[in-house]
Amino acid sequence: MSETEEDVVLSEGEAEEGAQEEGRGEEDNDDQVLVSPLTQETISQGLSLLCRTGNGLAHAYVKLDLKDKGLTDIATISKCIHLRFLDVSNNHLTDLSPLASLTQLLWLKIDGNAVASFKGQPLGQLTYLQWLSLAMNHLNDLEGLSGTALESLNLISNNIQRVNGLQYSRLTNLVTLELRGNHLETTDGIYLPNLRRLYLAQNVIKHLEGLEKLERLTTLHLRDNQLETLDGISPNMKYLQYLNVRGNVIFSQNTLLSLGRVSNTLRTLVLSENPVAETEDYRLSVLVCLPQLERLDKDPVSSVERTEAQERVKELMEEEIPEPEDF
């Protein structure tokens, strides 16, 4: 994934997050939330996308939009067994148990509600669910999370401090994990060997730990954290192509040596808004460590820069060759 493509992904996520915040403006005071159960009339108004049912013998609406309805209870939805796409964002939901009967769901968006835990929720019973978003809820951990078909999980802006409870055996197909805007201090606990894309921006991460287990990771986004070093970057990360550590507190060019562990695969590096980016010969120093790099910060690597870096590498190698002793 190129830096430009990545910026688009993140821009869309940030725009969506802003919309979620607006939609939850009145949720802060639970005492003021009025009981508002889901009615059949509301369901009828939100249904769309007529498709054949699973047995091919009938037709049913498979998409339901219930966002911004002020709902506190969705018990009535349990009868909508043919649903494949469901959006219940920006309501006041805490209990998702009525979803247990919706076993055909492929896509589920629950952003901007008040879900506090995965425990006791029926998400693991949704065996076809591939895309799940619970951004802007009240989650503190990931205990109880499961989904063998789940490929993408969005948990932006919850209250997660540590990644506890992730069990690889229950998330074998997860390739994209979004944890931006939580309270993580470490990357430890994300033991998902099939994960490809990991977004951890806007946390308070100080240490990179456990990354050696993410052998298939291609994209790692750590913008706006509190990293001083990149020591946790592991040579086991044999597919890493994109790394964004913009807006951290990386001072020393010696830190760049850690990136040599992924020099064969890394193609895009974003280091801007770190003190190291203001040091002399910054771009040259990076390219000496990462000769295969194609883009550094916003700018592609030029042929002139690449040649200069190659010459510098030769100079360094010559300096290391000891002079023959006189006899």
Side-chain angles (χ1 to χ4, degrees), residues 1-21 24 111-112 131-142 152-164 166 174-190 192 195-211 214 216-234 237 239-251 255 258-259 262 266-277 286 295-298:
M1 180 181 294
S2 70
E3 182 183 22
T4 302
E5 292 171 333
E6 184 65 16
D7 288 342
V8 171
V9 170
L10 293 170
S11 296
E12 289 174 350
E14 289 166 358
E16 181 180 80
E17 185 178 341
Q20 292 161 1
E21 290 177 355
R24 295 185 61 207
D111 296 355
W131 190 94
L132 174 62
S133 183
L134 281 119
M136 302 288 293
N137 275 270
H138 299 164
L139 296 167
N140 294 309
D141 58 49
L142 305 183
S152 179
L153 176 61
N154 179 4
L155 300 175
I156 289 175
S157 296
N158 278 273
N159 301 313
I160 302 168
Q161 297 182 6
R162 290 190 66 87
V163 182
N164 293 330
L166 274 184
L174 193 66
V175 295
T176 302
L177 178 57
E178 249 284 14
L179 286 165
R180 179 158 41 96
N182 280 278
H183 305 291
L184 296 172
E185 295 184 2
T186 175
T187 54
D188 195 32
I190 307 176
L192 300 167
L195 199 66
R196 305 295 199 276
R197 294 173 289 276
L198 178 58
Y199 302 101
L200 298 170
Q202 299 169 357
N203 280 276
V204 288
I205 296 172
K206 300 177 181 178
H207 307 287
L208 299 180
E209 300 172 290
L211 296 181
L214 304 181
R216 296 184 179 273
L217 201 67
T218 62
T219 298
L220 178 57
H221 201 282
L222 289 156
R223 177 178 175 177
D224 295 334
N225 279 282
Q226 298 177 15
L227 293 170
E228 295 183 9
T229 74
L230 298 173
D231 290 347
I233 297 295
S234 169
M237 304 167 75
Y239 296 94
L240 188 66
Q241 298 177 22
Y242 178 96
L243 175 62
N244 190 327
V245 287
R246 176 179 176 181
N248 280 269
V249 285
I250 299 169
F251 285 89
T255 299
S258 300
L259 297 177
V262 291
L266 197 64
R267 295 295 179 266
T268 299
L269 174 65
V270 185
L271 260 173
S272 55
E273 297 180 22
N274 280 278
V276 69
V286 172
R295 180 178 291 271
L296 176 57
D297 300 330
K298 294 182 179 180

Between [X] and [Y], which heavy-atom pair has the shortest distance, and what is it?
X: Ser272; Y: Ala277; answer: CA-CB, 4.2 Å
X: Leu222; Y: Leu227; answer: CD1-CD1, 4.2 Å
X: Gln226; Y: Val204; answer: NE2-CG1, 3.5 Å
X: Ser234; Y: Val262; answer: O-CG1, 3.7 Å
X: Glu228; Y: Thr255; answer: O-OG1, 3.8 Å
X: Asn182; Y: Ile160; answer: OD1-N, 3.2 Å

I'd like to know if Glu185 pairs up with Lys206 as an ion pair, taking the criterion as any Lys NZ or Arg NE/NH1/NH2 lying under 4.0 Å from an Asp or Glu carboxylate oxygen. no

Side-chain touch [X]/[Y], heavy atoms, less than 4.5 angstrom:
X: Asn154; Y: Tyr199; value: no
X: Leu155; Y: Leu142; value: yes
X: Leu198; Y: Thr187; value: no
X: Arg246; Y: Asp297; value: no
X: Leu211; Y: Leu220; value: yes

Flag, side chain of [X] to backbone of [Y], donor-acceptor distance under 3.5 Å:
X: Thr218; Y: Leu240; value: no
X: Ser152; Y: Trp131; value: no
X: Asn274; Y: Ile250; value: yes
X: Asp111; Y: Met136; value: no

Candidates Leu208, Leu184, Ile205, Val249 - the one meeting side chain to side chain contact (heavy atoms under 4.5 Å, CB included) with Asn225: Ile205

Among Arg180, His183, Arg223, find the residue that satisfies the side chain to side chain contact (heavy atoms under 4.5 Å, CB included) test when tested with Gln202. Arg180

Parallel under 30°, tilted from 30 to 60°, perpendicular over 60°: which one fits the rings of Tyr242 and His221? parallel

Which value, rounded to the nearest 0.5 Å, describes the distance between [X] atom [atom1] and [Y] atom [atom2]?
X: Ile233; Y: Leu243; atom1: CD1; atom2: CG; value: 5.0 Å
X: Arg162; Y: Ile190; atom1: CZ; atom2: CD1; value: 10.5 Å
X: Asn248; Y: Asp224; atom1: CG; atom2: CG; value: 7.5 Å
X: Glu209; Y: Thr186; atom1: CD; atom2: OG1; value: 3.5 Å
X: Thr176; Y: Leu195; atom1: OG1; atom2: CG; value: 7.0 Å

Side-chain donor-acceptor pair under 3.5 Å between Thr219 and Arg197, yes or no? no

